[in-house]
Number of protein chains: 2
Amino acid sequence: MEPKDLPANILDPNCPSRVIFQRIGDKWASLVIQVLGDGPVRFSELRKMVSVVTPKVLTQTLRALERDGLITRTVHAQVPPRVDYELTAVGESLLQPLSMLREWAESHVPTILEARDAYDDAQDEALLGSSN
Amino acid sequence: MEPKDLPANILDPNCPSRVIFQRIGDKWASLVIQVLGDGPVRFSELRKMVSVVTPKVLTQTLRALERDGLITRTVHAQVPPRVDYELTAVGESLLQPLSMLREWAESHVPTILEARDAYDDAQDEALLGSSN
DNA sequence: AGTCAAAGGTATCCAATGGATACTGATAGC
DNA sequence: GCTATCAGTATCCATTGGATACCTTTGACT
């Protein structure tokens, strides 16, 4: 793993690592993975915990994660049906990098909200100035 | 400690940390930040390095990052114009968490591609079986 | 003088994605 | 029968993303 000649490069649009990187960055996928970090969860529970996601989009997300081997889908032959989603070993290996990002996000909330307010105020002033 | 009462919680749709988390997960934003990790870059260079992004979308991405205080935009009074984008201190603090994700993505490329092939093959067989 | 090129974007239009809402199918319990 | 539960589909519409063309300023070239 020499950093000199990385075999995979996210900046190359033809490199599969980029596709994978963007799957992680998917709006719902990363939340689902973090929820599954505590163990298997069924579909309806996921919907409640990863609020507010519509069933169609949650299904799409879960199928994509399953396809990439990050989660498994287990159907229990019951009525009403019970379907459990669970992290694979690969999926679990994502928990740590994701939790670092999460910690970053949670700890920088105040700073970023301040920056937004300042930026928006500046925009407002610019607009007012131009109309005078 | 129940996870229900975290001060900032990504799973809460009303918590700003979620919005921020999703900005990081934006398709282009995280790539831009990683490119800017080596120092300021001008617009046209960014377009080349973060290929392939259209100017409209790159502008949207940069404006959003600027609004959140992760990058600065500096216009040099020249002709032709020169505009440099540069990470702020907050933006730089994102580099480490992002590089962990990037390393994860790059190192898991083979595993995930295999999983995809296996999944797609299984889907194909299921389709063939149902049509017989 | 006229024309071209460079840089950093906008403007416009169309395709893809995301989301709201309603519905399905099997069965157990009332 | 009627209803409830669960895990989704089906359908439709709004938002976003992307391709392409265009704009502006000024220096260099012809």
Side-chain angles (χ1 to χ4, degrees), chain A residues 11 13-14 18-19 21-32 35-36 40-68 71-86 119 123 126-127 130, chain B residues 11 13-14 18-19 21-32 35-36 39-68 71-86 119 122-123 126-127 130:
Chain A
L11 295 180
N14 296 321
R18 182 152 173 177
V19 179
F21 191 75
Q22 294 183 348
R23 152 111 33 270
I24 302 167
D26 178 80
K27 182 170 181 182
W28 301 110
S30 51
L31 295 180
V32 166
V35 166
L36 294 184
V41 181
R42 59 195 303 179
F43 188 85
S44 55
E45 281 300 306
L46 265 176
R47 271 202 74 189
K48 286 175 207 156
M49 300 180 73
V50 185
S51 56
V52 182
V53 60
T54 62
K56 189 187 79 169
V57 176
L58 181 56
T59 301
Q60 288 170 351
T61 304
L62 291 169
R63 292 285 186 279
L65 290 174
E66 192 194 357
R67 184 168 104 104
D68 285 352
I71 64 173
T72 57
R73 176 173 178 271
T74 312
V75 183
H76 302 275
Q78 302 177 357
V79 171
R82 175 192 187 91
V83 179
D84 280 329
Y85 292 92
E86 190 172 8
Y119 185 92
Q123 294 302 308
L127 279 177
S130 70
Chain B
L11 297 179
N14 297 320
R18 182 152 174 176
V19 179
F21 191 75
Q22 294 184 347
R23 151 110 33 268
I24 304 168
D26 178 80
K27 181 170 180 180
W28 301 109
S30 50
L31 295 179
V32 166
V35 166
L36 295 184
V41 181
R42 59 195 304 180
F43 189 85
S44 54
E45 282 300 307
L46 265 176
R47 271 202 73 190
K48 286 175 207 156
M49 300 181 72
V50 184
S51 56
V52 182
V53 60
T54 62
K56 190 188 78 170
V57 174
L58 181 56
T59 300
Q60 288 170 351
T61 303
L62 292 169
R63 292 285 185 280
L65 288 174
E66 190 193 359
R67 183 168 104 105
D68 285 352
I71 64 173
T72 57
R73 176 172 179 272
T74 312
V75 183
H76 302 275
Q78 302 178 357
V79 171
R82 175 192 187 90
V83 179
D84 280 328
Y85 292 92
E86 188 172 11
Y119 184 92
Q123 294 300 309
L127 279 178
S130 69

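Just so it is clear: chains get the letters A, B, ... in the order the sequence lines come, proteins before strands, and each one is counted from 1. Just the heavy atoms: all of them, side chains too, but no hydrogens, waters or symmetry mates, feed the values below.
The side chain of Trp28(B) places an N or O atom within less than 4.0 Å of a non-bridging phosphate oxygen (OP1 or OP2) of dG18(D). Between dG9(C) and Arg63(B), a contact under 4.0 Å exists linking OP1 or OP2 to a side-chain N or O. Considering only side-chain N and O atoms, Arg73(B) lies under 4.0 angstrom from the phosphate OP1 or OP2 of dG9(C). For the OP1/OP2 pair of dA7(D) and a distance below 4.0 Å, the side-chain nitrogens and oxygens of Ser44(A) include at least one atom meeting the criterion. Within the 4.0 Å cut-off from OP1 or OP2 of dG18(D), at least one side-chain nitrogen or oxygen of Lys27(B) is found. OP1 or OP2 of dA7(D) sits under 4.0 Å from a side-chain N or O of Arg42(A). For the OP1/OP2 pair of dA7(C) and a distance below 4.0 Å, the side-chain nitrogens and oxygens of Tyr85(B) include no atom meeting the criterion.
Lys56(B) places its NZ atom 10 Å from the P atom of dA19(D), with the value rounded to the nearest Å. In this structure, Arg47(B) places its CZ atom 11 Å from P of dT20(D), rounding to the nearest Å. Distance His76(A) NE2 to dT27(C) P: 18 Å, rounded to the nearest Å. Atom pair Gln60(A):CD and dT11(D):C1' shows a separation of 13 Å (rounding to whole Å applied). Between Phe43(A) atom CZ and dT5(D) atom C1' there is a gap of 14 Å when expressed in whole angstrom units. In this structure, Glu45(B) atom CD and dG8(C) atom P are separated by 9 Å, rounded to whole Å. In this structure, Leu58(B) atom CG and dA11(C) atom C1' are separated by 17 Å, rounded to whole Å. The interatomic distance linking Arg82(A) (CZ) with dA28(C) (P) rounds to 17 Å, in whole Å.
Taking CZ of Arg63(B) as the start and CD of Gln123(A) as the end, the distance is 8.5 Å to the nearest 0.5 Å. Between Lys56(B) atom NZ and Thr61(B) atom OG1 the span is 11.0 Å, to the nearest 0.5 Å. Taken from CZ in Phe43(B) to OG1 in Thr59(B), the straight-line distance is 3.5 Å, to the nearest 0.5 Å. In this structure, CG in Leu46(A) is found 8.0 Å from OH in Tyr85(A), a value given to the nearest 0.5 Å. The line from CG of Leu65(B) to CZ of Arg73(B) is 13.0 Å long, rounded to the nearest 0.5 Å. Rounding to the nearest 0.5 angstrom, the gap separating the CD atom in Gln22(B) from the CH2 atom in Trp28(A) is 6.0 Å.
The side chain of Val83(A) sits closest to dA7(D) out of dA7(D), dA19(D), dA22(C). The side chain of Val57(A) lies closest to dG18(C) when the candidates are dG18(C), dG8(D), dT20(D).
When all heavy atoms of Val53(B) and Leu58(B) are compared, the closest pair comes out as CG2-N, 3.8 Å.
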Using a 4.0 Å heavy-atom cut-off, write out nucleotides 25-30 of chain D from 5' to 3' as B (base contacted by protein), S (sugar-phosphate only) or - (no contact).
BB----
